Amino acid sequence: MSKRRVRIVSAAAFYVSRKENAELAFSDKEFYWTGIRGSEHYPEFYLREQRVARREGKLEVRSWGHLVAEPDNPYDCFAVAVHVDSVKTGNVSASIAEYLQWYVNHFAAQNVELRVPVRIEMAKTGKYYFDPEFEENAHHRDVVLGGYVALPTLSVLDAQSSKEVAEEQLMWIWNVMPQELKNTLTDTFLAENHELMQYLRARRFRAPLAAIPDSSDPEALPPMIQGFFHDRRREVRSERQRERVAQMQEQLRIKEKARNERQARQSAREEAIAQMLQGGASITATMKHHGTTRSTIGRIASEHGIDLGNTSSGLNAANLAASQGRVERCIAAAELADSGVSPIEVARRLTLGRSTAPDMISDGRFYLDPHRNTTRLARAIDAALDQASLEGLSKSVGRRAMSDARILRSMHPTLLPEQ
């Protein structure tokens with residue numbers, strides 16, 4: 001089936017000189033003149049054009065050419081040739097061909113041949129210009145000044161092409177692409193991704209308008225397709241970034257929740273400690289029950305307005321009152337015993353246990369006259385001076401010494417040294 005020929009640049013280009021065209025801003029023109037490269041490799045064509053110019057007495061030959069993609073060009077896989085009457089005249093410059101070739105292939109996939117104006121300009125002077133022997137002996141560049149082609153701007157090509165359809169076809173390939181292959185886009189440079197190129201090459205017939213090259217070399221991927229996958233790469237990276245942000249936010253949320261739970265447990269624990277202290281528990285008992293330190297007990301008591309009294313004794317205000325009550329009962333028991341009442345009768349009168357009454361009578365006598373038990377008095381004095389001196393005693397004896405020191409300081413302040 002013959003191709004449909006489309007003049008992508010109008011014939012008006014023939015009437016605009018290269019100088020006039022060059023003076024226009026690129027955004028204000030639909031085409032631009034550019035030189036045909038490599039013309040010296042095709043002397044037959046240019047000598048033919050020289051004969052036409054000589055016969056017609058002109059310095060320029062105008063004709064319609066068409067663009068042909070050359071993906072197999074050994075020097076440039078993006079090469080685009082300019083043909084006139086199916087004869088190659090040279091190539092478009094590499095910097096232009098890199099972007100132009102995709103459009104040529106895109107239109108070719110729709111069976112469209114892009115027609116463009118071509119000018120072959122002759123030298124105005126030269127002793128061989130009308131020499132009949134020139135064609136056999138002289139190089140054509142002594143006669144031909146150069147070949148030029150009018151190419152459409154990218155905006156014109158975009159307007160005439162089905163680029164949106166091509167992108168849709170590429171998107172279809174992308175959507176069915178394995179996730180592992182998508183991930184390689186973010187891990188390697190596109191020019192090094194041979195797996196992607198092999199995948200595209202195997203599916204190029206599923207996206208004919210995308211003009212995917214029949215090559216396994218990533219370097220042959222046209223800028224348009226490169227741009228498409230660069231956009232996908234940015235999307236993948238953005239999605240990964242969003243996932244990382246979401247993970248970080250979730251981690252922060254979990255940490256915040258855990259922190260709030262810890263604070264709630266701590267508040268409940270401190271409230272329980274405060275209630276225990278307010279209920280009359282000693283500092284030592286509270287420390288053991290909640291597994292905390294004396295400084296923590298002090299802080300909580302201060303925050304809740306609880307008076308711990310003499311903290312060195314391990315008693316709070318409520319326990320101090322209870323201790324004072326015991327001292328009074330011990331003294332009462334001692335006075336009854338000293339008046340001749342038996343321990344059993346003392347226990348009955350004071351509602352004490354029979355085994356408890358003797359200890360309370362002994363304590364009461366000591367409180368009334370500490371010199372009755374010089375050993376106990378000495379321990380109380382040591383406890384008042386330095387609690388570290390009690391380390392060699394048992395816990396029960398040490399606690400009693402500390403209690404005696406507190407009570408004697410209240411009842412017999414002159415017996416104990418100043419703190």
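Bear in mind the structure is a predicted one, so any value in this text is a computation, not a measurement.
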For D76, side-chain hydrogen bond (donor to acceptor under 3.5 Å, both in side chains) partners two or more places apart
none
Do the side-chain N and O atoms of [X] and [Y] include a donor-acceptor pair separated by under 3.5 angstrom?
X	Y	result
R406	S323	yes
Q266	E270	yes
R201	Q198	no

Charged N-O contact under 4.0 Å between [X] and [Y]:
X	Y	value
R400	D363	no
E250	R253	yes
K182	E239	no
E44	R48	no

Has the side chain of [X] got a donor or acceptor atom that lies under 3.5 Å from a matching backbone atom of [Y]?
X	Y	result
E30	V156	no
R119	E60	no
R5	K3	no

Are any of the side-chain heavy atoms of S63 and D85 separated by less than 4.5 Å?
no
Mind checking what makes ring pair (Phe, Tyr, Trp, His ring centres under 6.0 Å) contact with H83, not counting sequence neighbours?
H66
Could you label the plane-to-plane angle of the W33 and F14 rings as parallel, tilted or perpendicular, counting under 30° as parallel and over 60° as perpendicular?
tilted
Flag if over 12 foreign heavy atoms under 6.0 Å of CZ, R244
yes
Identify whether NZ of Lys or CZ of Arg in R62 sits under 6.0 Å from the centre of the six-membered ring of Y15 and within 45° of that ring's axis.
yes
I want to check a possible cation-pi pair here: R232 against F228, using under 6.0 Å from ring centre and within 45° of the ring axis as the test.
yes
Side chain to side chain contact (heavy atoms under 4.5 Å, CB included) assessment of D338 paired with R365:
CA-CA 9 Å; D338 289 343; R365 287 171 175 169; 3.0 Å; yes
By side-chain contact (heavy atoms from CB on, under 4.5 Å) - contacts of A268 (at least two apart)
none
